[in-house]
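First the structure, in the form of structure tokens, and then the observations on it.
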Number of protein chains: 4
Amino acid sequence: MELDFNSPKPIYLQMVDEVKKALARGELSPGDKIPSHKERAHISKVNPNTVQRAYQEMEREGLTETLRGQGTFIKNDPTLLVQIRSEMAQAAVKNFIEEMRGLGIEPEETERILRSQLYKGNEGG
Amino acid sequence: MELDFNSPKPIYLQMVDEVKKALARGELSPGDKIPSHKERAHISKVNPNTVQRAYQEMEREGLTETLRGQGTFIKNDPTLLVQIRSEMAQAAVKNFIEEMRGLGIEPEETERILRSQLYKGNEGG
Amino acid sequence: MELDFNSPKPIYLQMVDEVKKALARGELSPGDKIPSHKERAHISKVNPNTVQRAYQEMEREGLTETLRGQGTFIKNDPTLLVQIRSEMAQAAVKNFIEEMRGLGIEPEETERILRSQLYKGNEGG
Amino acid sequence: MELDFNSPKPIYLQMVDEVKKALARGELSPGDKIPSHKERAHISKVNPNTVQRAYQEMEREGLTETLRGQGTFIKNDPTLLVQIRSEMAQAAVKNFIEEMRGLGIEPEETERILRSQLYKGNEGG
DNA sequence: GTGGTCTAGACCACT
DNA sequence: GTGGTCTAGACCACC
């Protein structure tokens, strides 16, 4: 949700991920205008150039489109949401499985550990 | 084992993780000698300075100890393996759960997706 | 005719070129009235200010003249058409030749490539 | 050959084109190291960041690859040269033909004008 | 020294 | 005010 300024992952890439996640969660929809880079910079307490780089990256990935002088918009492609969502979910799962295999943990154990954590915050939070 | 030179995560931290994973998998054991930084540098095609920094980090974390003139050894602490293993597993699980929640994916769905991937490449690998 | 909003070339200059080309093609003639900037703005889906700037530029270049309350007209100069046409053609040729030389392509090869493309889409267009 | 600081085309894109042209002309070859962004910046009297942006763009296009701490290299792909060369030549030809058609100039006339200019600088230069 | 990121602030084209 | 480019200069990870 928040930017981690100490992460080795560049801020501008974190911002791209934030937009993708907001889209996946339905907080952003295709066609929506996203804040100008100056506004976003102010909100996130980041330099406008950094935001702009994030926006450039999103445009490059086909996630957004920009209208000269009007602003930046989530691309109005109905398949976008599903695409991004499954793309990111697959990546997260793949990464997790590899991590656990790297630790020599068996699939059954991986599943067990996940389950033990997965439903915890559900009651408490 | 597999360093990603384009990852934003510093190489030396990737190397620390590799040692931890090898320990978790049982490929390294407490008391084992690990290669000299020169040797390791050669194997991993990495600058010796980078390896040295990884070794420093491991020592700082209490993972290894250096014996003058004899080399660097995994600390001979029987609880180490279990500690590292569960520490890293917890971190991976936590990260995965957060990632999926960030995408607005429900726990049940998360579990389902994981299972669909978890038992796939298991026979081949 | 076809504005490229993502081109680095300013829209207003693209519009000037469009008028020149229409003149060269004979679609506009010296003395012709061109649409008011509001009308043009509506047709081209461009901000009226941008059109106005294009019109200013054309006037500055001696391409048009404005009659108070009557509108903007292509200058009634019989040599204008020939001038513009040869001017733009020379510029295009010069630019093309430089481009091909920049790629290290010999004149003979340039001619060959041009011919191979030049007579292709001619019947359909 | 030289950068045009007054062109509407961004400098960093001009620099990308320069590298492509040098490759097409055989002045650069796959595998070659290109100057560091600082060095290039000094040579071209441009800010290092601008050069870096050009280099990023080239990497994004698959034209170069970068080795952490070692520098930036033309990708060692034997087909690259031919690809780039024909890609750029086709683009130049297409652009030229469209320009001339936009001026209402017939293919035969286009060919004639080209020829009249093409072999000029050959003797004089 | 080399590439990568970030900040800060300026100028421009277009709305 | 909005995006796009550019300059200037700092800090970091790696060689």
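In what follows, chains are A, B, ... by sequence order, proteins preceding strands, each numbered from 1. Side chains are part of it too, since the values below use all heavy atoms of this structure and drop only hydrogens, waters and symmetry mates.
- Pairs of residues two or more places apart, or lying in two chains, never qualify as ring-ring contact (aromatic ring centres under 6.0 Å, His included) while including a residue from residues 45-70 of chain C.
- Rounded to an integer number of Å, the gap from B/Met15 CE to F/dA13 P is 16 Å.
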Within the sub-3.5 Å range, which N or O atoms of nucleotides 11-15 of chain E have a protein N or O partner, and how far apart are they?
unit_1 : atom_1 : unit_2  : atom_2 : d
E/dC14 : OP1    : A/Arg68 : NH2    : 3.3
E/dC14 : OP1    : C/Ile11 : N      : 2.1
E/dT15 : OP2    : C/Thr50 : OG1    : 2.1

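- Whole-Å rounding puts the A/Glu59 CD to F/dG4 C1' distance at 11 Å.
- Residue pairs meeting the side chain to side chain donor-acceptor pair (under 3.5 Å) criterion with at least one member in residues 29-41 of chain A, sequence neighbours excluded: A/Arg40-A/Ser44.
- Annotated stems with DNA chain E as a participant read E:1-14 with F:1-14, given as range with range, by first number; only runs of 3 or more Watson-Crick or G-U pairs under 3.5 Å qualify.
- Residue pairs meeting the salt bridge (Lys or Arg N to Asp or Glu O under 4.0 Å) criterion with at least one partner in residues 74-100 of chain D, sequence neighbours excluded, are C/Lys21-D/Glu99, D/Lys94-D/Glu98.
- When the side chain to side chain contact (heavy atoms under 4.5 Å, CB included) test is applied to C/Ser86, no partner is found at least two apart in sequence or on another chain.
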Report the C-alpha separation of C/Glu65 and C/Thr72 in whole Å, then their side-chain angles, then the decisive distance to 0.1 Å, and conclude whether the side-chain hydrogen bond (donor to acceptor under 3.5 Å, both in side chains) test is met. CA-CA 6 Å; C/Glu65 53 194 348; C/Thr72 301; over 6 Å; no
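- At whole-Å resolution of the value, CD in D/Glu65 and C1' in E/dT2 are 16 Å apart.
- For D/Lys9 and D/Asp4, the salt-bridge test fails: no basic side-chain N is under 4.0 Å from an acidic carboxylate O.
- Applying the ring-ring contact (aromatic ring centres under 6.0 Å, His included) definition to pairs two or more places apart or across chains, those involving residues 63-103 of chain A are A/Phe96-B/Phe96.
- One atom, CG of A/Asp4, and another, P of E/dT5, lie 16 Å apart when rounded to the nearest Å.
- Protein atom CZ of A/Arg40 is 18 Å distant from nucleotide atom P of F/dG1, rounded to whole Å.
- A/Arg53 pairs by the side chain to side chain contact (heavy atoms under 4.5 Å, CB included) definition with A/Tyr12, D/Gln56, not counting sequence neighbours.
- If you measure from atom CE of A/Met58 to atom C1' of F/dG3, you get 13 Å, rounded to the nearest angstrom.
- In this structure A/Gln83 satisfies the side-chain hydrogen bond (donor to acceptor under 3.5 Å, both in side chains) test together with A/Thr79, sequence neighbours excluded.
- In this structure, D/Gln52 places its CD atom 16 Å from P of F/dT5, rounding to the nearest Å.
- For A/Gln56 against F/dG4, a side-chain-to-base donor-acceptor contact under 3.5 Å is absent.
- In this structure, D/Tyr55 atom OH and E/dT2 atom C1' are separated by 11 Å, rounded to whole Å.
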